[in-house]
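When a ligand or atom number is given, it counts from 1 through the structure's own listing order. Throughout, numbering of the chain's residues begins at 1 and tracks the sequence.
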Amino acid sequence: MTQPYEIDELISAKSIAARIEELCAEIRTEFSGTDKLVVVGLLRGSFVFIADLVRELDLPIEVDFLEASSYGDSTQSSREVRILKDLRGAIEGRDVLVVEDIVDTGHTLKYLIGMLESHNPASVKTCALVRKAERAEVDVHVDYLGFDIPDKWVVGYGLDYAEQNRTLPYIGVVAPND
Ligand code: PRP
């Protein structure tokens with residue numbers, strides 16, 4: 001079946017790879033002296049990004065995953081986040097780097113930082129591939145950011161539209177067919 005929309009490339013696979021190299025150089029500088037780093041990917045969207053990030057990073061890290069589900073009206077600041085899959089390992093006393101595919105309103109990342117901090121890690125830092133600054137509803141700091149993007153529906157490189165298009169090697173904007 002033909003999908004009822006086109007996808008216009010926004011960020012090429014080559015640009016993503018180049019930006020990941022830059023981010024990893026920064027992350028390596030910060031964490032090369034520690035053997036405690038746990039890189040936590042947020043499912044599902046971050047699965048492609050984290051796979052490329054940790055291989056480029058080339059540090060002795062551990063990888064863990066969380067899955068969160070947001071629900072309710074995303075325009076409301078009371079938006080709630082639920083944990084669907086918790087961490088497998090303990091993070092007390094560990095340095096943690098949370099990896100998100102996209103920061104939209106910021107509620108998910110803000111909630112996760114609070115949840116992780118309640119487990120008494122040594123530190124919590126954040127990394128996101130893309131951020132829609134125009135959509136921010138809460139103040140949440142991204143320590144390592146790939147790209148600021150416009151307020152468009154984006155797919156590819158882990159990001160989906162109704163669970164489709166996650167496997168595209170680039171990030172594209174969904175454009176309805178005429
Ligand atoms: C996306 C994305 C973030 C969240 C960001 O997840 O992966 O986790 O939305 O939105 P926010 O900044 O407004 O909180 P989604 O619910 O689409 O699930 P998915 O990762 O499984 O695609």
Check the surroundings of atom OH in Tyr161: do more than 12 heavy atoms from other residues, nucleotides or ligands lie under 6.0 Å from it? no
Applying a heavy-atom cut-off of 4.0 Å, say which part of Asp101 lies close to ligand 1: side chain, backbone, both or neither. side chain
Heavy-atom count around Asp139 CG within 6.0 Å, excluding the residue itself: above 12? no
For His107, the ligand 1 atoms with a heavy-atom partner under 4.0 Å come out as 12 (O), 14 (O)
Ligand-residue contact atoms, ligand 1 with Thr105, heavy atoms, under 4.0 Å: 11 (P), 12 (O), 13 (O), 14 (O)
Polar proximity ligand 1 side, Leu42 side, N/O cut 3.5 Å exclusive: no
Under 4.0 angstrom from ligand 1, any heavy atom of Arg166? yes
Hphob cluster co-occupancy, Val96 + Val39, side-chain heavy atoms under 4.5 angstrom: no
For Glu9, the salt bridge (Lys or Arg N to Asp or Glu O under 4.0 Å) test, sequence neighbours excluded, returns none
Given Leu159, which partner from the list Val48, Leu129, Val154 fulfils the side-chain contact (heavy atoms from CB on, under 4.5 Å) test? Val154
Short version for Glu100: what comes under 4.0 Å of ligand 1, heavy atoms counted, is side chain
Are any of the N/O atoms in Ile102 less than 3.5 Å from those in ligand 1? no
So salt bridge (Lys or Arg N to Asp or Glu O under 4.0 Å) across residues 93-107, not counting sequence neighbours, yields Glu62-Arg94, Asp104-Arg135
Quick look: Asp160 vs ligand 1, heavy-atom contacts under 4.0 Å, and the answer is side chain
